[in-house]
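Lettering of chains follows the sequences in order, A, B, ..., and the numbering in each one begins at 1. Side chains included, hydrogens not; waters and symmetry mates left out as well; all remaining heavy atoms used.
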Amino acid sequence: MERVPILKLGDILIISIQVDLEDQSVLALQEDLADKVVSTGARGVIIDITAVEIVDSFIGRMLATIAATSRMLDAETVVVGMRPAVAITLVELGLSLGGVRTALNLEKGVALLDHTRSAPR
Amino acid sequence: MTAHADATRRRVHDLLRAEEERILQRWTDLAKTSAEELRDLYRALRLALGDERDDLADVRGLLAELSRERARQGHTPSDTARVVFCLKEAVHEAVASDGSAEALKGFIWFSRLIDDLGLYTFEVYATAREKIILDQAEQLLELSTPVVKLWEGIVAVPLIGTLDSARTQVVMEKLLQTLVETGAEHAVIDITGVPAVDTQVAQHLLKTVVAARLMGAECVISGIRPQIAHTIVTLGIEFGDIITKASLADALAYALSRSGAEISTPRRTRIAVRTEEV
């Protein structure tokens, strides 16, 4: 089973999904991420799905679950780099990913998190 | 095919051959058209009837040509069909002067055949028309969905005409593709040119907005006319947290202020815009 690496940049965790995810890897990723958020005290999580070409309802739910878990641990989640085809598929599936923030690319995702944290809570 | 029916058909065929000149002349008079275009058709029909296999492919080919030719000349499809139906009258006269019961029975069968052929000219006409309409619809689809850049980081889609699912799909794809290419964070969907908004059109708009949002861009819907606003409220359509503006100008001002630009209006006629680094 392939494990998705979780990178740390300042107080942001970055997950770049490069391969087709198996169900098992997704579950492992969710656990790893929760552990990592707690151990590093991260305030933001960025999931980069630039390389993801195919999505199904399972992946959609994964993104929502990760966002919900991270929020419980006081870290904001941003999904970045979604392809047009993927966005259309998710909409057709009826998954609007409520509660997940999105940005066009990694750079803008980081800027979004910086902006949110600098704003008064 | 029974032997009896066979005999009646042969009788009609014999008549068609024996009285060829007279029937053709009469047909030409009735149809008020030139003898040349009818002669080929008549020959093909007579040969096809004499043939055991009942093969009408040649006749149909000639009819299709006749139908197209006459359509080009500006005749209505009814005119063309009437030309074909006139043959019935011409043949009926020949059958009546022949007077035999067999010929009369055969005429009923012949008349049904001519009905079919007349309708076929109609069909050819309709098919040709259908093709033109389809081509135009396709061209319209390509023409009618531009994505324009209003400002750095702000794009707009001026929608004109009725929105259906095929068109929404094209608009959505084009908009999302532009978002990727330009990295724009704000999109304005302007529906000034959309004549009516019903639940289905609203559904399509919402889908587009949600898809853009998933990509990380913010969408504003603008150009909502008073009647349309009224319709939307009456139908009970929920736009949720989607920003709507009355005019494209309002939407642009909103998008500019969201992207950090400051708009000041010292005089009514001039707008100065200054972008600030965040």
Side-chain angles (χ1 to χ4, degrees), chain A residues 14 16-17 44-57 59-64 66-67 76-120, chain B residues 145 147 149 152-155 157 163 165-187 189 200-219 221 238-243 255 257-261 275-278:
Chain A
I14 298 172
S16 183
I17 297 172
V45 175
I46 293 180
I47 306 172
D48 173 35
I49 55 168
T50 312
V52 175
E53 287 179 16
I54 298 165
V55 286
D56 52 14
S57 52
I59 304 281
R61 224 185 65 209
M62 169 199 88
L63 296 174
I66 288 181
E76 188 92 34
T77 305
V78 184
V79 174
V80 302
M82 191 182 292
R83 287 163 181 257
V86 171
I88 292 173
T89 312
L90 284 179
V91 172
E92 293 297 334
L93 285 172
L95 295 167
S96 57
L97 300 188
V100 182
R101 309 192 67 170
T102 50
L104 278 173
N105 50 40
L106 186 58
E107 194 182 5
K108 286 185 171 154
V110 175
L112 182 68
L113 281 177
D114 283 344
H115 192 68
T116 318
R117 276 173 306 159
S118 62
Chain B
T145 49
V147 179
K149 182 176 164 184
E152 194 58 51
I154 304 172
V155 293
V157 196
L163 277 182
S165 30
R167 221 169 129 214
T168 317
Q169 191 75 18
V170 175
V171 172
M172 203 197 274
E173 276 169 22
K174 226 170 172 182
L175 174 62
L176 298 190
Q177 198 55 46
T178 316
L179 290 178
V180 171
E181 281 161 12
T182 61
E185 280 182 332
H186 296 274
I189 301 177
Q200 204 168 2
V201 172
Q203 191 65 34
H204 290 321
L205 284 174
L206 291 180
K207 270 187 185 173
T208 312
V209 172
V210 173
R213 206 176 262 182
L214 279 175
M215 304 246 321
E218 200 180 346
C219 251
I221 296 178
E238 280 291 333
F239 268 46
D241 54 349
I242 293 165
I243 314 282
S257 71
R258 290 284 294 184
S259 62
T275 316
E276 278 178 334
E277 276 299 313
V278 186

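In this structure, Thr168(B) OG1 and Ile88(A) CD1 are separated by 11.0 Å, a value rounded to the nearest 0.5 Å. The CG atom of Leu179(B) sits 12.5 Å away from atom CE of Met82(A), with the distance rounded to the nearest 0.5 Å.
Heavy atoms of Leu95(A) lying under 4.5 Å from chain B belong exclusively to its backbone. Of the two parts of Glu218(B), neither the backbone nor the side chain holds a non-hydrogen atom closer than 4.5 Å to a non-hydrogen atom of chain A. Neither the backbone nor the side chain of Arg101(A) comes within less than 4.5 Å of any heavy atom of chain B.
Between the side chain of Lys108(A) and the backbone N or O of Glu185(B) there is no donor-acceptor pair closer than 3.5 Å.
At least one side-chain heavy atom of Met215(B) sits less than 4.5 Å from a side-chain heavy atom of Pro84(A).
Residues Leu176(B) and Ala87(A) come closest through the heavy atom pair CD1-CB, 4.0 Å.
Between chain B and the residues Val80(A), Leu104(A), Val86(A), the most heavy-atom pairs under 4.5 angstrom are made by Leu104(A).
Counting heavy atoms of neighbouring residues, nucleotides and ligands inside a 6.0 Å radius, atom CD of Glu107(A) does not exceed 12 of them.
Residues of residues 205-213 of chain B lying under 4.5 angstrom from chain A, judged on non-hydrogen atoms, are Lys207(B), Val210(B), Ala211(B), Arg213(B) by number.
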